[in-house]
Amino acid sequence: QLQLVESGGGLVQPGGSLRLSCAASGFTLDYYAIGWFRRAPGKEREGVSCISRNGGVTNIADSAKGRFTISRDNAKNTVYLQMNNLKPEDTAVYYCAARYRNLATLEPGDYDYWGQGTQVTVSS
């Protein structure tokens, strides 16, 4: 069974950092581009960052530029989202998704598999 599992969420103060992980089981991530998305209460799901199959191409939403970094370790079958200088508006459930293509996008509809999400809460 193909599965993505996110971890690393939690409660953090404004200005703090978290590193989210997206681990795959039942398949290898080598053949998949990966995206990170989030859904805040009352808002639509939005793309945060994405990375190509080989890690050579990344993209990041304007809201996360300069603060978030995406990376992948195919040997560990895991993709990461390092989030620094977190703000209250970053509060959301964060999801990772896999796309059986080389290039990644920030469009949720382009993805084939989704994890269950991990909650990130930024509050003092």
Side-chain angles (χ1 to χ4, degrees):
Q1 183 177 358
L2 307 183
Q3 205 171 14
L4 292 171
V5 179
E6 303 93 339
S7 61
L11 173 63
V12 63
Q13 292 186 342
S17 297
L18 286 173
R19 188 177 80 157
L20 305 184
S21 298
C22 171
S25 64
F27 68 109
T28 176
L29 285 180
D30 292 27
Y31 303 106
Y32 293 82
I34 303 296
W36 279 100
F37 298 83
R38 68 186 181 187
R39 177 174 279 160
K43 293 187 177 181
E44 296 289 321
R45 183 169 46 183
E46 66 170 340
V48 176
S49 189
C50 58
I51 188 166
S52 63
R53 180 185 295 174
N54 64 4
V57 180
T58 63
N59 195 9
I60 192 158
D62 288 343
S63 60
K65 280 180 180 175
R67 302 186 300 125
F68 294 6
T69 304
I70 191 170
S71 62
R72 66 189 300 158
D73 185 341
N74 285 348
K76 294 183 177 179
N77 221 24
T78 302
V79 175
Y80 305 97
L81 183 68
Q82 178 66 44
M83 306 188 296
N84 298 328
N85 190 22
L86 283 160
K87 304 175 181 181
E89 52 263 42
D90 294 318
T91 296
V93 178
Y94 284 71
Y95 303 87
C96 66
R99 178 173 191 248
Y100 193 64
R101 295 288 188 276
N102 181 37
L103 293 180
T105 77
L106 292 176
E107 292 298 324
D110 290 342
Y111 288 80
D112 305 305
Y113 303 103
W114 289 82
Q116 293 299 307
T118 185
Q119 176 71 47
V120 171
T121 302
V122 185
S123 176
S124 55

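Side chains are part of it too, since the values below use all heavy atoms of this structure and drop only hydrogens, waters and symmetry mates.
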Enquirer: Please set out all donor-acceptor pairs under 3.5 angstrom arising from side-chain atoms of residues 31-38, sequence neighbours excluded.
Expert:
residue : atom : partner : partner atom : Å
R38     : NE   : E46     : OE2          : 2.6
R38     : NH1  : D90     : OD1          : 2.9
R38     : NH1  : Y94     : OH           : 2.9
R38     : NH2  : E46     : OE2          : 3.1
R38     : NH2  : S63     : OG           : 3.4

Enquirer: Do the side chains of Y100 and L4 join up, straight or via other hydrophobic residues, at under 4.5 Å, putting them in one cluster?
Expert: yes
Enquirer: Kindly indicate, with the supporting measurements, whether the criterion side-chain contact (heavy atoms from CB on, under 4.5 Å) is fulfilled by Y95 and L20.
Expert: CA-CA 10 Å; Y95 303 87; L20 305 184; over 6 Å; no
Enquirer: Counting N and O atoms only, with roles assigned by atom type, does the side chain of R72 sit under 3.5 Å from a partner on the main chain of G55, one being a donor and the other an acceptor?
Expert: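 The answer is no, because no donor-acceptor pair under 3.5 Å joins these two groups.
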Enquirer: Under 4.5 Å between side-chain heavy atoms, hopping through other hydrophobics if needed: is there a path connecting Y80 to Y113?
Expert: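 No, it is not one cluster - the side chains of Y80 and Y113 are not joined through contacts under 4.5 Å.
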Enquirer: Do any N or O atoms from the side chain of E6 and from the backbone of C96 form a donor-acceptor pair under 3.5 angstrom?
Expert: yes
Enquirer: For a quick test of reading the model, state the closest non-hydrogen atom pair linking G47 to A61 and the distance between them.
Expert: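 Nearest heavy atoms, G47 then A61: O-CB, 3.4 Å.
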Enquirer: Ignoring hydrogens and angles, state whether a donor on the side chain of N84 or S17 is under 3.5 Å from an acceptor on the partner side chain.
Expert: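 A pair is found: one side chain offers a donor N or O, the other an acceptor, under 3.5 Å apart.
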Enquirer: If you define the side chain from C-beta out and look only at heavy atoms, does anything of I60 sit under 4.5 Å from I70?
Expert: no
Enquirer: Which residue pairs pass the disulfide (SG to SG under 2.5 Å) test when at least one of the two sits in residues 41-83, sequence neighbours left out?
Expert: none
Enquirer: With a 4.5 Å limit on heavy-atom distance, are the side chains of L2 and D112 in contact?
Expert: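 In short, these two side chains do not touch, never coming nearer than 4.5 Å.
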Enquirer: Roughly how far apart are S7 OG and Q116 CD, rounded to 0.5 Å?
Expert: 13.5 Å
Enquirer: More than 12 non-hydrogen atoms from neighbouring residues, nucleotides or ligands closer than 6.0 Å to CD on E89, yes or no?
Expert: yes
Enquirer: Taking all heavy atoms of T58 and all of I51, pick out the closest pair and write down the distance.
Expert: CG2-CG1, 3.6 Å
Enquirer: Are more than 12 heavy atoms from other residues, nucleotides or ligands located less than 6.0 Å from atom CD of Q119?
Expert: yes
Enquirer: Measure the OG-CG distance between S49 and L106 for me, rounded to the nearest 0.5 Å.
Expert: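 One gets 7.0 Å once the value is rounded to the nearest 0.5 Å.
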Enquirer: Does the S124 side chain pair with the main chain of Q13, one donor and one acceptor, at a distance under 3.5 Å?
Expert: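 It does not hold such a pair.
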Enquirer: Under a 4.5 Å side-chain heavy-atom rule over Ile, Leu, Val, Met, Phe, Trp and Tyr, are V79 and V93 clustered together?
Expert: no
Enquirer: Looking at A24, is its backbone amide N or carbonyl O close enough to the side chain of N77 to form a donor-acceptor pair, meaning the two atoms are under 3.5 Å apart?
Expert: yes
Enquirer: Show, in sequence, the C-alpha distance, side-chain angles and deciding distance for L29 and T78, and conclude whether the side-chain contact (heavy atoms from CB on, under 4.5 Å) test is met.
Expert: CA-CA 7 Å; L29 285 180; T78 302; 5.6 Å; no
Enquirer: On the ring face of W114, is R45 found with NZ or CZ under 6.0 Å from the centre and within 45° of the axis?
Expert: yes
Enquirer: What's the shortest heavy-atom distance between R99 and T105, and which atoms?
Expert: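 Smallest interatomic distance, heavy atoms only, reads NH1-CG2, 3.8 Å.
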